[in-house]
Visitor: 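My questions all concern the structure below.
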Amino acid sequence: MISGVSSGMGTADRFSTHRVENQPPPLAPYDAYATDLPLQEALRRHGGTWAEPEIAAFGPIAGGELMALGFAANENKPKFRPFDQYGHRIDEVDFHPSYHRIMEIGIAHGVPSFAWRHEERPGAHVARAALAYLHMQPEQGNNCPLTMTYASVPVLRHHSGLAAEWVPRATSTSYDQRSIPAWSKYGNTIGMAMTEKQGGSDVRRNTTRANPLSAGGPGQLYELVGHKWFMSAPMCDAFLVLAQTEAGPGCFLMPRFAPNGDLNAVRIQRLKDKLGDWSNASAEVELQGAVAWLIGEEGRGIATILAMVALTRQDCLIGSSAIMRQALVRAVHHAQYRTAFGKRLIEQPLMRNVLADLSLESEAAVALSLRVARAIDASPRDVRERALARVATAIGKYYVCKRCPAFVNEAQECLGGNGYIEESILPRLYRQAPVNSIWEGSGNIQCLDVLRALSRSPETREALFDEMNSARGVNAVLDSEIEQLAGELDSGESIEPYARRIVERMAIALQASLLVRSDNSAIAASFCESRIGGRPGAFFGTFPPGAPIDQLIRRAFPERD
Ligand SMILES: Cc1cc2nc3c(=O)[nH]c(=O)nc-3n(C[C@H](O)[C@H](O)[C@H](O)COP(=O)(O)OP(=O)(O)OC[C@H]3O[C@@H](n4cnc5c(N)ncnc54)[C@H](O)[C@@H]3O)c2cc1C
């Protein structure tokens, strides 16, 4: 102020322009399960009701403590420490304490183990899928080791001796972050290393060599020499690795510490500087004679490790559905409080169209995720469900993972500028969104896999069409689409160049058939009308008149009192 001139304002008045108005209250803490009607319905429909107490107990944690930890874990990226203070090679990665706490909570609640600990109960994989879906909303990076640990179990079981030792630790509910040999720990995490520089999709080109230390054969120790271009979560206690034997690719269990207790010869070269997935480390590693046990037969490595890949692909589908759910919740919450042009955003007709459309997409994604989980669950007992799991996992991974980035972007826009700011979580979700479509088989690979499965196995085709046809007779648009899809497969022409178009349509028809069989006929009809046969104009928010917009928004996320 110029000396002697009074502004006439008291000190308090000068800051009156800084009063915060028209901003929503913080979303978290909230109960991520109690507020998620579509998840509850899918869980019950697919046989997970008995696990509801455990899942419900996890809801407030996923929407509470884990939310805060997720921010800290991503603001503090892991650091590679090749040497200790005195120059000894230690190959360690330091994670922020919040990352370890997230791992501890996830493992304690059975995110990687619930399905195996309750295997005798139908629906155990469905219940685990629900837990993973909740856990993947506040923080996604740590789900990489949790998913891989869950998915490693069927592979470990290929060898009874290794399974007896490793499965109890991989399915433990205790997280043990110590960098010591796996067998001295309460619980273990398991990673995987397939991808090499010269080929990720085409793993037959792997050059890493495996030489037997004795006679060789299943359960025997080999020495691995080569490099891996991507090996995520390098602090896992062991890794399932593909390497070439005399008879072709073999699948190996490579512990971080060798059986003699020394650090195994797995040298981390550097950590990847990734677009997203910041809380998690992904490493390039050199295997300089690392010892590892052969699982399954020499030459059968790809077939052996596929049991793991099938489950990690399922989690890509669940992970993308979870990211979409979290983005939707943020968008609806914001719109419930923010006003513009005299009304709350949630009352603006065009915003309602966008939110309802996002809500429908999210409902369809979770319905498909839990249906795939049920097929996986029933696989050991039911041939048809096994065939469905085989093809529906690839269909779902392709389609839902591809929808995710555009979905998150649309949700961001609902928050306006706030959606572009880190504290809203949406930038993190946006960075994370593409990874599920890339890793564990990119889009084209999924689509080619679907065509291969359908052409090679009549049972797979039958299982897929049975599933879609079980919704026949309710919606004419869907009925005709299923017929057309069958016709395209029978056309006799090479359909490889059009694989994406066909698989996308299969995904939508599968989702539609699930919604048609649920209790919401208006929602199912709206899905068929808006998704089948092409959509006009903008990506989301293009419902024509008559769509069940109110119902969809009500179901998306409840209004607080
Ligand atoms: C964050 C992150 C973490 C990862 N963690 C791991 C890990 O822990 N362990 C691990 O083993 N790997 C990991 N990966 C690697 C990942 O699985 C591979 O990047 C992926 O499988 C693709 O392999 P690639 O990069 O070699 O691409 P390529 O195989 O070269 O594929 C490039 C493109 O070509 C397409 N393509 C390939 N073949 C065909 C075809 N026949 N017809 C049409 N299109 C085709 C693919 O769909 C893809 O779009 C990770 C990747 C990322 C991004």
Side-chain angles (χ1 to χ4, degrees), residues 74 77-78 93 140-152 155 189-208 224 226-243 249 251-254 256 266 268-285 287 301-302 304-306 308-313 315-316 319-320 323 394 397-399 401-402 404-405 428 431-452 494-503:
N74 282 275
K77 291 187 186 179
V93 178
Q140 299 77 40
N142 65 87
N143 281 289
C144 171
L146 297 186
T147 283
M148 293 192 292
T149 303
Y150 156 67
S152 70
V155 179
T189 51
I190 314 280
M192 81 194 309
M194 295 198 295
T195 309
E196 297 185 2
K197 288 193 185 92
Q198 71 285 351
S201 310
D202 190 2
V203 285
R204 286 197 177 275
R205 292 179 66 180
N206 274 192
T207 58
T208 297
L224 309 186
H227 61 78
K228 292 290 168 183
W229 186 229
F230 277 93
M231 193 179 87
S232 289
M235 300 313 287
C236 283
D237 298 293
F239 305 85
L240 289 166
V241 182
L242 274 186
C251 174
F252 294 87
L253 178 65
M254 179 182 77
R256 217 167 79 74
V266 183
I268 298 177
Q269 304 296 302
R270 60 175 170 168
L271 298 187
K272 300 279 195 190
D273 187 3
K274 294 177 287 183
L275 165 68
D277 199 48
W278 287 352
S279 66
N280 181 34
S282 299
E284 292 166 20
V285 295
L287 312 182
I302 295 176
T304 307
I305 210 164
L306 272 183
M308 178 177 195
V309 171
L311 296 184
T312 50
R313 285 179 176 173
D315 271 17
C316 291
S320 290
I323 290 173
K397 180 187 187 293
Y398 169 65
Y399 183 68
C401 297
K402 282 263 172 246
C404 190
R428 169 145 58 93
R431 283 192 299 273
Q432 193 75 24
V435 75
N436 286 324
S437 73
I438 294 175
W439 91 297
E440 290 305 82
S442 309
N444 289 354
I445 297 301
Q446 298 308 307
C447 293
L448 295 174
D449 191 42
V450 171
L451 294 194
R452 195 179 313 117
S494 167
I495 49 175
E496 183 174 327
Y498 319 110
R500 279 183 178 230
R501 200 173 68 89
I502 292 175
V503 174

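Numbering of ligands and ligand atoms starts at 1, following listing order.
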Visitor: Considering both backbone and side-chain atoms of Trp439, is one of its nitrogen or oxygen atoms within less than 3.5 Å of a nitrogen or oxygen in ligand 1?
Guide: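 It does not: no N or O of Trp439 is found under 3.5 Å from an N or O of ligand 1.
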Visitor: With atom 24 (P) of ligand 1 as the reference point, say which of Pro145, Gly199, Gly200 has the nearest heavy atom.
Guide: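 Nearest option to atom 24 (P) of ligand 1, by heavy atoms: Gly200.
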Visitor: Which atoms of ligand 1 have any heavy atom of Glu440 under 4.0 Å away?
Guide: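 Going through ligand 1 atom by atom, the ones under 4.0 Å from Glu440 are 17 (O).
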Visitor: Numbering the atoms of ligand 1 from 1, which are under 4.0 Å from a heavy atom of Met194?
Guide: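 Contacts of ligand 1 toward Met194, numbered from 1: 10 (C), 11 (O).
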Visitor: By number and element, which atoms of ligand 1 are closer than 4.0 Å to a non-hydrogen atom of Ala193?
Guide: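 In order of number, 11 (O).
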Visitor: Could you tell me the residue and atom name of the protein heavy atom closest to atom 22 (C) of ligand 1, and the distance to it rounded to 0.1 Å?
Guide: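 Ranking protein heavy atoms by distance from atom 22 (C) of ligand 1, first comes Ser442 OG, 3.8 Å.
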Visitor: Indicate yes or no: does Lys228 engage Glu284 in a salt bridge with an N to O separation below 4.0 Å.
Guide: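 So Lys228 does not pair with Glu284 through a salt bridge.
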Visitor: Can a protein heavy atom be found under 4.0 Å away from atom 10 (C) of ligand 1?
Guide: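 Yes, there is one.
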Visitor: Considering only heavy atoms, does Val435 approach ligand 1 within less than 4.0 Å through its side chain, its backbone, both, or neither?
Guide: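 The part of Val435 near ligand 1 is the side chain, not the backbone.
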Visitor: For ligand 1, find out whether one of its N or O atoms is nearer than 3.5 Å to an N or O atom of Thr195.
Guide: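 So ligand 1 has an N or O lying under 3.5 Å from an N or O of Thr195.
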Visitor: When you measure from atom 21 (O) of ligand 1 to every protein heavy atom, which one gives the shortest distance, and what is it?
Guide: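 I find the closest protein heavy atom is Gly441 N, 3.9 Å.
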Visitor: At less than 4.0 angstrom from any non-hydrogen atom of Met192, what atoms of ligand 1 do you find?
Guide: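 Counting atoms of ligand 1 from 1, those under 4.0 Å from Met192 are 7 (C), 8 (O), 9 (N).
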Visitor: Going by distance only, is there an N or O of Asp277 that falls short of 3.5 Å from an N or O of ligand 1?
Guide: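 N/O-N/O distance below 3.5 Å does not exist for this pair.
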Visitor: What residue and heavy atom of the protein are closest to atom 5 (N) of ligand 1, and at what distance?
Guide: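 Minimum-distance protein heavy atom for atom 5 (N) of ligand 1 reads Ser232 OG, 2.8 Å.
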Visitor: For Leu448, is at least one N or O under 3.5 Å away from an N or O on ligand 1?
Guide: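 Among all N and O atoms of Leu448, none is under 3.5 Å from an N or O of ligand 1.
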Visitor: Just by distance, do the side chain of Asp277 and the backbone of Gln432 share a donor-acceptor pair under 3.5 Å?
Guide: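 No: the side chain of Asp277 does not pair with the backbone of Gln432.
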